[in-house]
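Contents: one structure, followed by commentary.
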Amino acid sequence: MDRVSADASIVMREVTKRHGTTVAVDHLSLSIRKGEFFAILGPSGSGKTTTLRLLAGFEQPDAGEIIIEGQPMQGVPPNHRPVNLVFQNYALFPHMTVAQNVAFGLEMKGLPSAEIGPRVAEALEMVRLVGKQDRLPSQLSGGEQQRVALARALVNRPAVLLLDEPLGALDKQLRLEMEVELKALQERVGITFVCVTHDQEEALTMSDRMAVMHHGRLLQVGTPEEIYTAPASAFVASFIGVSNSLPGRVQAIEGQRATVAVEGIGLVHAPVCAGLRAGAPVLVTIRPERLHLSRDPATDGSQNQIRVRIAKAIYSGSEMHYLVTLPNNLTWKARVPNADGTAKRFDAGESAYLKWRTTDAVLLPE
Amino acid sequence: MKKSIPAKSFPWLVVPPAAALIFLFGVPLLLVFAVSFATRGTYGGIEWTFTLANYISIADPLYLRIFWRSLWLAVLTTVICLLMGFPLAYVIARAPKRWQGILLFLVIIPFWTNFLVRTYAWMFILRSEGLLSTVLSALGLTREPLTLLFTDTAVLIGLVYGYLPFMVLPLYAALERLDPSLIEAAWDLYARPHQVFVRVVLPLSKPGVIAGCVLVFIPSLGAYVTPDLLGGARSMMIGNLIQHQYLVVRDWPFGSALSFVLMAGVLAALLYYLRAGGARSL
C-alpha cells in the first residue's frame, strides 16, 4: 500500500459505511493512481455508488480513512474537496443556460469574471458544444446534456473526476461513441477518472484498471484484460461476461493440468489455478466465444469435448448464438462466427460435439 | 404544452361554474360598482344621484391611515409567513416519504376548527390575564401583565397564524419537486450552503414563493375577523372599515367605493408583483 502512495491519487483504507443495518461498503481498501481511468464495476446494491459518494464527500465513512491527493478527507465537505462529480442524471441547473451551468463552479470559487469567460469557452470547445452556450439544458439532447455535465465538472480542473453511471441514460449507439470519446478526453486532460458502472463492456472498454464490487466488498482489482481472462471468483466470471460453468471436483493434478470430475459428464481438463488441491470443489468456466461445435468427435487429446443437443439456434449477423443442452441438463451458450458460410450450421434438435481447448477453460475455486 | 383533452370536447361542463360566477359574483359586483357612485339617503338608503364624492372622501387622512395600516400589516404578514414557512416546507419536502403525509396533515389540522373559534382562542392567549402573560410572568420574564390584545402586534400574530398554511402548502409543492441532486451538484461545485440556497433552491422554488405570497397577501389585506377580534377599534383594517360603513353607519355608497379601491389596489399590487417576480422565471 505505502509503495504506491507516492503516485496515488486516491487511497482508501479499510473504509466501511453502513446505511441502517445494511453494510453498503465493507472494509474497502483501494489505491487509484494519478491520471488513470479507474472503473468500479458492480451490480446495483453492490456499494459502488456509495463508494463514489464517499469520495465526493456527500457521505462520511463510519470507519477507515480516505486520502485524496495526499490530503486526509475526514470531515472535509464536498465544496472543499479537489474532486468533481458527474451525476447519473447530470443534475444540470434547469434555470441556467449551458454557459451559466459551466461557469457555476468557477464563480463559486471566486474567480474574476475576466478569467471565467475564456475558461468556460475552452471547456465548451473541449466537449464540442460551441454555439450552444445560450441554450437551456431542457433544449439539449441527452448526449449534449451529458457533455455539459462533463464540461461543468472539468472546467474546474479537479484532481479527480468522479463519474456516476455516465453513459447509463444514453441509447446504445451514442453510448458506444461516448465510451471512445470519454476515454480520449481523459487521456487529453490527464485527470484521474473514477467511473462507476454496472455495464461490464463500458468498464472493459474505457478503464486502465478496474475493480469489481459485490455486497460492499472488492472482489478483484486489475486491468480489464487480467479481469477478463483470469477472473478471481465465480461471481466476477459471471458478471464480467456471460460465462458457461460446470461444477466439479478435482480428481488429479499433473503439472499445469488439472483433471476435474463432473457429475453426469465425466472428466474435463483445465489449467490449474492457485491453491488448487485434489478433492476440492471447483467451477470449470469457459467463455461462449471459445466453444466450437462439430458433427465429428475430436481425435486430438488437447481438447475437451461433450456430446450435446442444440436447444436453440439464433442467427445474429456475424455470429450464430447456440443454446446447447449438456448431458447433465445444464444449458450453455456458444457463439460461433458465421464467416465460413452456412455449411456448418446446426439446427435446433440436432446433436453435436461441443469442443474447447483445455487452455481456454478457467478453473475457479468454489 | 403537455398533451391534454381539448376543452372543446365537453363545453357543457363549463356552463354551471360560468353561470355561478356570472350570477353570484359578476352581477353583485356590478351592483356594488353602481352603488359606489350613488348618494347616501337620509335614513341610510341609496339615492341614485351620480356623484364622485364617495371616492373623494377616501382621501381623508383618517381613512388613508387605515389603508396604510392594512397594507403594512398584509406585507408584514406575507414576509413573516414566507420566512417561517420556507424552512418548514423545506423540512417537510426533504422528510422521508411516509413522514411527509403526516407532517402535511399536521399543517392542515387547524382547518378542522372554525376560524372564528380559533381567533377567540388567541384572545384568551393574548389578553392581559391570559395564557401568554401568565406563563411569562411565572417564568419571571415579565413583571407587568402584557398589553398585547387590541394592538397591531396582536393582529399581526393572528394573521400570521391564520395564513401560514397557505404559504407552506405551495412552497412544499415546489420544494418537493426540486431534485436533491441539484443541491448536491451545487455543493460539489464549491457553493457554500447559503450560496446553494440563493443560487439553486430559491430560483427553482420561485413558483411556490409567488403562489404562497399571493395566497397570504390578498386575504391578509382584506382580513376582517382577525382585526375585529384581536385589534378592536384601535387597530382597524380596511375590511372592518367596509363592514362598519355598511352595517353601522349605513353608508352603502361609501362602503362600495372603499371595496372598489381595495380591489383595484390588490389587482395593481398583484400585477406589479407578478411582472417583477414572475416574468424572469418564464
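Within every chain, numbering begins at 1; the chains are lettered A, B, ... in the order of the sequence lines, protein sequences first and strands thereafter.
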B:Glu184 and A:Arg53: side chain to side chain contact (heavy atoms under 4.5 Å, CB included), yes or no, with the steps? CA-CA 10 Å; B:Glu184 290 186 338; A:Arg53 291 175 61 81; 2.7 Å; yes
With side chain to side chain contact (heavy atoms under 4.5 Å, CB included) as the test, would you mind laying out the steps for A:Phe87 and B:Leu182 before giving the verdict? CA-CA 9 Å; A:Phe87 287 76; B:Leu182 293 177; over 6 Å; no
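Within a 6.0 Å radius of CZ in B:Phe111, more than 12 heavy atoms belonging to other residues, nucleotides or ligands are found. Counting non-hydrogen atoms of neighbouring residues, nucleotides and ligands closer than 6.0 angstrom, the CZ atom of A:Arg18 reaches no more than 12 such neighbours. In this structure, A:Glu65 places its CD atom where more than 12 heavy-atom neighbours from other residues, nucleotides or ligands lie under 6.0 Å away. In this structure, A:His215 places its NE2 atom where only 12 or fewer heavy-atom neighbours from other residues, nucleotides or ligands lie under 6.0 Å away. Shown here is A:Glu14, whose CD atom has more than 12 heavy atoms of other residues, nucleotides or ligands within 6.0 Å.
For a residue to count as touching a neighbouring chain, one of its non-hydrogen atoms must lie under 4.5 Å from one of that chain's; by this rule B:Gln195 touches chain A with the side chain only. Contact of B:Leu204 with chain A is made through the side chain alone, with heavy-atom distances under 4.5 Å. Within the 4.5 angstrom heavy-atom criterion, only backbone atoms of A:Leu92 (N, CA, C, O) approach chain B.
Contact annotation: the side chain of A:Asn84 approaches that of B:Tyr190 to within less than 4.5 Å [non-hydrogen atoms, C-beta and beyond]. Considering only heavy atoms from C-beta on, A:Phe93 stays 4.5 Å or farther from B:Arg199 through its side chain.
Atoms CD1 and CZ, from B:Ile183 and A:Phe58 in turn, are 11.0 Å apart once rounded to the nearest 0.5 Å.
With 3.5 Å as the limit, one finds no donor-acceptor pair spanning the side chains of A:Asn79 and B:Asp188.
The most heavy-atom pairs under 4.5 Å with chain B, out of A:Gln88, A:Met96, A:Arg152, come from A:Arg152. Most heavy-atom pairs under 4.5 Å with chain B, from the set A:Pro94, A:Ala153, A:Gly110: that is A:Pro94.
Nearest approach of A:Pro77 to B:Trp187, heavy atoms of both residues: CB-CZ2, 4.1 Å.
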